[in-house]
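Notes follow once the structure below has been shown.
Computed from a predicted structure; not experimentally measured. We number each residue from 1, following the sequence as shown.
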Amino acid sequence: MNDVERIKNELEQHADPEKGEFLPHFFKAMPGGYGEGDLFLGVQVPVQRKIARKYFKDIPLEETERLLQDPVHECRLTALFILCLRYEKARREEDKTEVVNMYLRNLSFVNNWDLVDSSAYKILGPYLMDKKKDVLYELAASGELWQERIAVIATMHFIKNGRFTETLKLAKQFLGHQHDLMHKAVGWMLREVGKQNFNVEYDFLLKHYEIMPRTMLRYAIEKFDPALRKKFLNGTAGLER
């Protein structure tokens, strides 16, 4: 039995049929939903993280790739947890590059918001921190929802290191996006910018909040003082705070 089979067996042992019936609705895997056709076992995320920690040191990268390509959602998420750990613990640049390349060639399997949000800022973000950001803008221009979200969420690593340029550029680019999952992602990253530097977020919002999708704005100002939040929501935010 190889590592993929062992991991899948362990996941199946922790499957909760009731949760497995609920998750397709939660992740919009029903017909017409953004996750249409996805399959779920009903395994809790902490269990998946525990399994990933158990195997990440020894499982070959090609087997992790096979796990990432599995039709079952929890298999893909567990594979991404393994990749995150592999990247975090890698000491050689070539090992990090190998993880990133595998991640990038399998983006079609990083195809729901939890898969994106669990991996983009832990793999792609740190890798691009001191490199050209071309791949980020290629993803943002792809027209593919999950790749667009990966581009935005990857910048969380930049934000945590005091760099806001890419986040603000992408936020501006996606002001007219039609999907609420992008509104939420952009609003969330703007909120993260504000945690590091309130003035940077505030100035950006003053320039754009009047045309910003409502959900994006609500996410961005969630931690603002209630009075200031009300001004933004009422359209009366100005130069004075």
Side-chain angles (χ1 to χ4, degrees), residues 1-91 95-96 98-127 144-147 149-150 152-154 156-157 160 180-181 184-185 188:
M1 184 181 294
N2 59 38
D3 286 334
V4 171
E5 292 169 338
R6 292 189 183 93
I7 290 172
K8 292 180 71 171
N9 282 343
E10 289 197 32
L11 288 170
E12 288 169 2
Q13 289 171 18
H14 290 90
D16 179 344
E18 185 175 341
K19 190 176 181 67
E21 290 184 10
F22 164 75
L23 289 176
H25 298 276
F26 184 70
F27 286 108
K28 302 295 188 291
M30 312 309 287
Y34 53 71
E36 181 174 357
D38 209 350
L39 304 175
F40 295 84
L41 294 171
V43 183
Q44 294 184 353
V45 170
V47 171
Q48 296 175 62
R49 290 189 182 277
K50 184 177 180 180
I51 292 172
R53 287 194 297 270
K54 178 179 177 181
Y55 285 94
F56 84 92
K57 290 182 181 179
D58 300 318
I59 182 172
L61 200 59
E62 58 269 22
E63 289 197 29
T64 306
E65 186 167 20
R66 281 179 51 213
L67 190 66
L68 181 55
Q69 296 172 352
D70 198 275
V72 174
H73 189 98
E74 288 92 342
C75 290
R76 301 200 303 282
L77 184 54
T78 301
L80 290 169
F81 289 151
I82 289 171
L83 284 182
C84 289
L85 289 167
R86 285 283 288 264
Y87 186 91
E88 179 187 345
K89 302 299 182 182
R91 293 293 173 260
D95 293 333
K96 293 182 178 182
E98 191 176 22
V99 170
V100 170
N101 287 340
M102 197 270 266
Y103 183 72
L104 289 174
R105 70 174 175 261
N106 285 281
L107 291 184
S108 61
F109 300 99
V110 188
N111 57 352
N112 215 310
W113 58 264
D114 64 322
L115 304 175
V116 171
D117 297 357
S118 298
S119 60
Y121 78 97
K122 291 189 174 183
I123 297 174
L124 195 57
Y127 184 74
E144 298 289 338
L145 173 63
W146 304 122
Q147 293 187 25
R149 187 167 172 117
I150 285 169
V152 172
I153 300 300
M156 191 193 304
H157 182 82
K160 291 181 181 296
D180 72 323
L181 285 176
K184 292 174 181 178
W188 173 20

**Study point:** CD (Gln44) with more than 12 external heavy atoms under 6.0 Å
**Key:** no
Review point. Salt-bridged, Arg149 to Asp117, with N to O below 4.0 Å?
Key: yes
Review point. Hey, is the main chain of Tyr87 close enough, under 3.5 Å, to the side chain of Tyr127 for a donor-acceptor pair?
Key: no
Review point. Given the rule in the side-chain contact (heavy atoms from CB on, under 4.5 Å) test, do Ile150 and Tyr103 qualify, once you have shown the distances and angles that lead to the verdict?
Key: CA-CA 11 Å; Ile150 285 169; Tyr103 183 72; 4.1 Å; yes
**Study point:** Distance, nearest 0.5 Å, that separates CG of Asn111 from CD of Gln147
**Key:** 11.0 Å
Check your understanding: Who are the salt bridge (Lys or Arg N to Asp or Glu O under 4.0 Å) partners of Arg105, not counting sequence neighbours?
Key -> Glu65
Review point. Within a strict 4.5 Å, meaning less than it, do heavy atoms of the Trp146 and Val110 side chains meet?
Key: no
Revision key, fill the gap. So the side-chain hydrogen bond (donor to acceptor under 3.5 Å, both in side chains) pairs with at least one residue in residues 14-25 (sequence neighbours excluded) are none
Revision key, fill the gap. In short, salt bridge (charged side-chain N to carboxylate O under 4.0 Å, His left out) pairs touching residues 22-40 with sequence neighbours left out are Asp38-Arg76
Check your understanding: So do Lys184 and Trp113 actually touch side chain to side chain, heavy atoms under 4.5 Å?
Key -> no
Review point. Does the side chain of Tyr55 reach to within under 4.5 Å of the side chain of Leu67, using non-hydrogen atoms?
Key: no
Check your understanding: Between CG of Asn101 and CG of Asn106, what distance do you get to the nearest 0.5 Å?
Key -> 11.0 Å
Study note, to complete from the structure: Between Lys122 and Pro126 the two heavy atoms that sit nearest each other are O-CG, 3.2 Å
Review point. What is the ring orientation for His73 with Phe40, classed by angle as parallel under 30°, tilted 30 to 60°, or perpendicular over 60°?
Key: parallel
Point to revise | Donor-acceptor contact below 3.5 Å, side chain Asn112 vs main chain Phe27 | key: yes
Review point. If only atom types and distance count, is the side chain of Glu74 paired as donor or acceptor with the main-chain N or O of Gln48 below 3.5 Å?
Key: no
Point to revise | Val43 versus Val47, closest heavy-atom pair with distance | key: CG1-CG1, 3.8 Å
Study note, to complete from the structure: Output for pair (Ile51 CD1, Lys54 NZ), nearest 0.5 Å, gives 7.5 Å
Review point. Are Arg49 and Phe81 in a cation-pi contact, defined as NZ or CZ under 6.0 Å from the six-membered ring centre and within 45° of the axis?
Key: yes
Revision key, fill the gap. In this structure, NZ of Lys89 is separated from NZ of Lys96 (nearest 0.5 Å) by 11.5 Å
Practice item. Grab the two heavy atoms, one from Leu23 and one from Gly42, that are nearest each other, plus how far apart they are. Key: CD1-CA, 3.9 Å
Review point. CG/Leu145 to CG/Leu181 distance, rounded to the nearest 0.5 angstrom?
Key: 6.0 Å
**Study point:** Side-chain heavy atoms of Ile153 within contact of Trp188, under 4.5 Å
**Key:** yes
Practice item. Indicate yes or no: at least one non-hydrogen side-chain atom of Leu104 is less than 4.5 angstrom from one of Leu124. Key: yes
Point to revise | Heavy-atom closest contact (Ser119 atom, Cys84 atom, distance) | key: CA-SG, 3.8 Å
Check your understanding: Do Glu10 side-chain atoms and Ile7 backbone N/O form a donor-acceptor pair below 3.5 Å?
Key -> no
Review point. So, the side chain of Asp70 versus the backbone of Val72: is there a donor-acceptor pair under 3.5 Å, distance only?
Key: yes
Check your understanding: Atom CD1 of Ile82 and atom CZ of Arg53: how far apart are they, to the nearest 0.5 Å?
Key -> 11.5 Å
Practice item. Assess whether side-chain contact (heavy atoms from CB on, under 4.5 Å) is satisfied between Asn2 and Arg66, documenting all intermediate values. Key: CA-CA 11 Å; Asn2 59 38; Arg66 281 179 51 213; 3.3 Å; yes
Study note, to complete from the structure: Note: Pro60 and Arg86 closest approach over all heavy atoms is C-NH1, 4.3 Å
Check your understanding: Should Leu83 and Leu68 count as side-chain neighbours, where that means a heavy-atom distance under 4.5 Å?
Key -> yes
